[in-house]
**Q** 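Sending over a structure as structure tokens; questions will come in a sec.
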Amino acid sequence: MNKSPDAHRMEKIVSLCKRRGFIFQSSEIYGGLNGCWDYGPLGVELKRNLKNYWWRVMVHERDDVVGMDGSILMNRAVWKASGHEDTFTDPMVDCRSCKARLRADQLVEKNGIKQRPNCGGKDLTTPRAFNLMFKTFVGATEDESSLTYLRPETAQAIFVQFKNILEVSRKKLPFGIAQIGKAFRNEINPRNFTFRSREFEQMELEYFCRAEEGMRWLDYWKEERLKFYENIGIARDNLHALTVPDEERAFYSKGTYDIEYDFPFGRQELEGVAYRTDYDLSQHQKASGKSLEYFDEETKQRFIPHVVEPSAGVDRTVLALICEAYSEDEAPDEKGKMETRIVLRFHPRIAPIKCAVFPLLKNKEPLVAKAKEIVALLRPHMYVFYDEVGAIGRRYRRQDEIGTPFGVTVDFETLGEKDPALRDTVTLRDRDSMKQERVPVKDLPGILVSRIS
Ligand code: ATP
């Protein structure tokens, strides 16, 4: 069977991720662990840049948001009160023909009969609820009394610390608490590379407000989050804000948007922006017996705030960034012959390496010394990479393939050997246009910082 161009594209992306050290299968030498992934030297940089930029715009650049970092293990009572213990489930069916286990919503319907897409099996068990939380035991005994779960979302730590943070931050409504951290879900069918994993990271904001302002903040955050994706280099045309229909929303939510991205394997959710009303805080107040109310000094009223939650997946966004950036074009090789060039067109803000520095020749000591001097000049400002191996064209190609937006070459002109006016200038090459400009070394940090921040 011929693969679709999109399936082919996805295969190339997965293979590039492994070949260049973005993403590896977890425990690979033991055959892997389904739904778990490791980020290699470039993947970890990309992920960090994404998280840092999210933190910058969601926390540092705002007066109304503070951060926190909660523990992954929490008292089991949290998961009872939040409803996760009873209802955080997916309906699961078994196919009796091929013995596969899958989510009931992944079945396809042909002539009114549900069947498994791969084998066409129609002999299916009735759907039963499968809880997605990983169980674990805290302490030396393994019984009900020591049972808890790996958190399936980061949000609950924010709700249960609401009162502490309100007191220490002295914020007034509306205000938000942000958190980035790991979450775990025992997904029935992890798939589409890192898209649906069993261990993943979330970037979540709980934005507390008055009940009457909930719908307005929901729309505000949807727009802010769309802007965020554009600011990290995702084209607006590939982003979609889906209004989740009433029957698909959580019962306590008054409105939810799914921000979706056109992945090569289809349009899928990147982030949920949900107006969760006062459900979470009310549940925890009821279950813990501790007040989670807000006191309004002006009106002298006490009430439980409502909350709007933009909840994004780090791994899904990293995957979207790679899919968006992947491209192939034509560039001349050393002999001027056109060849296919693989380029990751990352926005400079999130590119793993910002600038590569090359001495023209590795066996010319003054060129090498000058290049290393430039590396030292740039390092306090950004992640730079020094490379002296191979022809310049090949060195550029290696950087194009990992998305490095800028390349600096130190040549004999830099040393002032040809034209004294060009002493201490270098060529600065742009990854996308492949244009080169001559710039003074002393201006490099300023020029580059302005282009990557
Ligand atoms: P889905 O419908 O795809 O299972 P969800 O609606 O259950 O996702 P939420 O509970 O809203 O997801 O979680 C918020 C975000 O966390 C998602 O938009 C996604 O980016 C991320 N996320 C959730 N589950 C996973 C997963 N299994 N792997 C990777 N990221 C995930």
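For this chain, numbers begin at 1 and follow the sequence in order. Every number for a ligand or one of its atoms is a count from 1 in the order of the listing. Reckoned from all heavy atoms, side chains included, excluding hydrogens, waters and symmetry mates. Predicted, not measured: the structure shown is a model, and the values here were computed from it.
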**Q** Identify the closest protein heavy atom to atom 19 (C) of ligand 1: which residue and atom is it, and at what distance?
**A**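 Going by distance alone, atom 19 (C) of ligand 1 is nearest to R316 NH1, 3.4 Å.
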**Q** May I ask you to identify the nearest protein heavy atom to atom 13 (O) of ligand 1, giving residue, atom name and distance to one decimal place in Å?
**A**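 Going by distance alone, atom 13 (O) of ligand 1 is nearest to Q202 NE2, 3.4 Å.
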**Q** What is the ring orientation for F263 with F265, classed by angle as parallel under 30°, tilted 30 to 60°, or perpendicular over 60°?
**A**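 Aromatic pair F263/F265 classed parallel.
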**Q** Do K18 and I23 come close enough that some side-chain heavy atom pair is under 4.5 Å?
**A**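 No; the side chains remain at least 4.5 Å from each other.
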**Q** Is the backbone of A81 close enough, under 3.5 Å, to the side chain of Q283 for a donor and an acceptor to pair up by distance?
**A**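 Checking the backbone N and O of A81 against the side chain of Q283, a donor-acceptor pair under 3.5 Å is found.
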**Q** Looking at ligand 1, does any of its N/O atoms fall within less than 3.5 Å of an N/O of A312?
**A**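 Checking ligand 1 against A312, no N or O pair falls under 3.5 Å apart.
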**Q** To which of A320, S311, A250, P152 does the heavy atom nearest atom 14 (C) of ligand 1 belong?
**A**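 Checking each option, the heavy atom nearest atom 14 (C) of ligand 1 is found in S311.
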**Q** Is any side-chain heavy atom of Y396 closer than 4.5 Å to a side-chain heavy atom of R429?
**A**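 Touching, per the 4.5 Å side-chain cut-off.
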**Q** Are any of the N/O atoms on F195, whether in the backbone or the side chain, positioned under 3.5 angstrom from an N/O atom of ligand 1?
**A**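 Yes; the residue has a nitrogen or oxygen that sits under 3.5 Å from a nitrogen or oxygen of the ligand.
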**Q** Looking at Q202 and T154, would you say the former's side chain and the latter's main chain have a donor-acceptor pair under 3.5 Å?
**A**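 Yes.
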**Q** Are any of the N/O atoms in R103 less than 3.5 Å from those in ligand 1?
**A**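 Among all N and O atoms of R103, none is under 3.5 Å from an N or O of ligand 1.
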**Q** Is there a donor-acceptor contact under 3.5 Å from the side chain of N189 to the main chain of R103?
**A**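 It does hold such a pair.
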**Q** Among protein heavy atoms, which sits nearest to atom 4 (O) of ligand 1, and what does the distance come to when rounded to 0.1 Å?
**A**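 Nearest neighbour among protein heavy atoms for atom 4 (O) of ligand 1, to 0.1 Å: R196 NH1, 2.8 Å.
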**Q** Within the 4.0 Å heavy-atom shell around L270, which atoms of ligand 1 are there?
**A**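 Those atoms are 18 (O), 19 (C), 20 (O).
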**Q** Exactly one of Y275, Y279, Y294 should register a ring-ring contact (aromatic ring centres under 6.0 Å, His included) with H306. Which one does?
**A**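 Result: among Y275, Y279, Y294, Y275 is the only option passing the ring-ring contact (aromatic ring centres under 6.0 Å, His included) with H306.
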**Q** Return a yes/no value for T194: is any of its N or O atoms, backbone included, closer than 3.5 angstrom to an N or O of ligand 1?
**A**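 N/O-N/O distance below 3.5 Å does not exist for this pair.
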**Q** Nearest to atom 28 (N) of ligand 1, what protein heavy atom do you find, and at what distance?
**A**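 For this ligand atom, the closest protein heavy atom is S197 N, 3.0 Å.
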**Q** Taking 4.0 angstrom as the limit and counting only heavy atoms of R185, give me the atoms of ligand 1 inside it, by number and element.
**A**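 Within the 4.0 Å cut-off of R185, ligand 1 contributes 5 (P), 7 (O), 9 (P), 10 (O), 12 (O), 13 (O), 23 (C), 24 (N).
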**Q** What I want to find out is whether E309 reaches R276 closely enough, with some N-O distance under 4.0 Å, to be called a salt bridge.
**A**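 Salt bridge between E309 and R276, a charged N being under 4.0 Å from a carboxylate O: yes.
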**Q** Under a 4.0 Å threshold between the charged nitrogen and the carboxylate oxygen, would R341 count as salt-bridged to E330?
**A**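 Looking at R341 together with E330, the answer is no, because their closest N to O distance does not fall below 4.0 Å.
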**Q** Would you mind checking which non-hydrogen protein atom is closest to atom 22 (N) of ligand 1, with the distance to 0.1 Å?
**A**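 Of the protein heavy atoms, F200 CE1, 3.5 Å lies nearest.
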**Q** Side chain, backbone, both or neither: which applies to E271 and ligand 1 if a contact is any heavy-atom pair less than 4.0 Å apart?
**A**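 Contact part for E271 vs ligand 1: backbone (N, CA, C, O).
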**Q** Which atoms from ligand 1 have a heavy atom of G272 less than 4.0 Å away?
**A**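 By the 4.0 Å cutoff, the relevant atoms are 18 (O).
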**Q** Give the contacting part of D315 toward ligand 1: side chain, backbone, both or neither, where contact means a heavy-atom distance below 4.0 Å.
**A**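 No part of D315 comes within reach of ligand 1.
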**Q** May I ask you to say whether R76 pairs ionically with E85, meaning some side-chain N is under 4.0 Å from a carboxylate O?
**A**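 Salt bridge: yes.
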**Q** For atom 21 (C) of ligand 1, what's the nearest protein heavy-atom neighbour? Residue, atom name and distance, please.
**A**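 Going by distance alone, atom 21 (C) of ligand 1 is nearest to G313 CA, 3.8 Å.
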**Q** Quick one: look up the protein heavy atom nearest atom 18 (O) of ligand 1 and list residue, atom name and how far away it is.
**A**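 Checked against all protein heavy atoms, atom 18 (O) of ligand 1 sits closest to E269 OE2, 2.6 Å.
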**Q** Does E297, at its CD atom, have more than 12 non-hydrogen atoms belonging to other residues, nucleotides or ligands within less than 6.0 Å?
**A**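 Incorrect, the count does not exceed 12.
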